[in-house]
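What follows is a short report on a single structure.
Computed from a predicted structure; not experimentally measured. Basis for what follows: all heavy atoms, side chains included, without hydrogens, waters or symmetry-related copies. Sequential numbering from 1 along the given sequence is applied to the chain's residues. Numbering of ligands and ligand atoms starts at 1, following listing order.
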Amino acid sequence: MKLQNLTLTTPYLNLDPIFYHEVHPTPLKNPTLVSLNTDAANLMGLDPAKLTANELEELLNGTTLLEGSRPYAMCYAGHQFGYYVPRLGDGRAINLGLVNGWNLQLKGSGQTLYSRQGDGRAVLRSSIREYLMSEAMHALGIPTSRALALISSDEKVARERWEKGAIVLRLSPSWIRFGSFEYFFHSNQHDKLQKLADFCMAESFPQFLETEDGYVKMFGEIIKRTAETIAHWQSVGFNHGVMNTDNMSAIGLTIDYGPYAFLDTFESGYICNHTDQEGRYSFDNQPRIGHWNLSMLGRALSPLITQEKIERELEKYGEIFTAKLMELLHHKLGLASEEENDGELFRALFTAMENGRIDMTPFFRSLSHYDGDKNPLLSLTLAPNQLNEWLDLYNKRLENNPLTADERHAQMLKANPKYILKNYILQEAIDAAEKGDFTLTNDLLTLAQNPYDEHEPFARYAGITPLQRQNLKLSCSS
Ligand code: AMP
Ligand code: MG
């Protein structure tokens, strides 16, 4: 289908006006298309070959509205770094409407009722990061929002320096956040809270409509999805960086990509966000924070669910998280069955990785080729004795593994990506894009979407991160 034939709907606008603010995007000066993601075009039911740069620029810049589109920003609150903020909302995101089950949202398209002191803009640097990483996460099998396209512009946006304004068109089956529920609970609008819960159920959990204890089931499902998404993060070394409850998706997706990072050398307490001085959102705190955030959601749902049932559901979180993480780590190590001491085997590996300052992604990729020759792996660690001991444990464990070596290698090469978008790699694409060259941004999209493939010309990105560019910290400014 062509873009001009697409018809959007806006079911969220059937809710009371307190839920949103209808506002048109404010266009950027001289928009240029940086990248189109044909996979996302297909999701929307569009034929990518029929899309022109010009019409995409107009769509993202808000100068053309699709049939049925009624742009709006959503109202929400949230706990930021543990403290409740009574009103946040889409300060720089504007929803266009729904098509094929995907809610289209522009990020960086100008001020809304919820912008507070903000300019409503997003800079090119952070837009490239969001655009590429959401696709990378999807390809790694991690629940996430998606992105259709990205435009840059000549609009000057003030951050620590002047930067270019940009807009990403991102997609999600739902943009409701934990903070959406918190807004109505804490402002004592419990009738509205119930309307939001009903809307959320109809939008994303229709299987629970008109069933007994539907709200409990929905809460249980949100717990499950959140726990599993965070287990995925831990398994690949993803540090989100800003797990405020307004950045937590009600359908358990990874959303709102900011100062995130993939770990380079494995550092369990790594903090990617340099404004997070206490490390609330450090890598190893993520599972605990997920639970804390869910308990804030539980509190917000307390007018609809009894305390006892909220607690009973929350108690399941740890088990769901651990089961998922174990499953993922079994895949990463090519183990086709579970054994009682596997938890210890995994813990010993992460300790050996941390002590040996091992770069996590190249290590797992190299382990995927392991045939008994320890040398390629020992060359990746500063603590070879400890890794050597761990490999002895692994060898022993492999004796009880039902897979042949070839089967194990094949499984591991599909579980351990060769390419992940580390911050230093993204920075190279950003530096080029800021000079007007979008080639690397588009090349990285291809790598991101095919992380298990070889991509010879980009082999240097699969190696150890250069020392001076390891574990960079990023600012929240975006
Ligand atoms: P974030 O930490 O990026 O999820 O943002 C937290 C809140 O601040 C959200 O309500 C955003 O919409 C809002 N916000 C962030 N940056 C801006 C901006 N430049 N202009 C307006 N609102 C913003
Ligand atoms: Mg946010």
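- Residue K192 places its NZ atom among more than 12 non-hydrogen atoms of other residues, nucleotides or ligands, all under 6.0 Å distant.
- Contacts of ligand 1 (protein heavy-atom distance under 4.0 Å) are Y76, Q80, L88, G89, D90, G91, R92, S115, R116, G118, D119, G120, R121, R159, D246, N247, D256.
- Geometry about the Mg ion (ligand 2) gives an angle of 80° between OD1 of N247 and OD2 of D256, rounded in steps of 10 degrees.
- The ring-ring contact (aromatic ring centres under 6.0 Å, His included) test with H240 is passed by exactly one of F262, Y260, W233: W233.
- Classification of the F266-F350 ring pair by plane angle, with boundaries at 30° and 60°, yields tilted.
- Looking at E311 and K309, no side-chain N of the basic residue comes within less than 4.0 Å of a carboxylate O on the acidic one, giving no salt bridge.
- In summary, the side chains of T64 and E55 do not present any donor paired with an acceptor at a separation below 3.5 Å, with no hydrogens or angles considered.
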Working for side-chain contact (heavy atoms from CB on, under 4.5 Å), residues L171 and L104: CA-CA 5 Å; L171 317 175; L104 277 47; 3.7 Å; yes
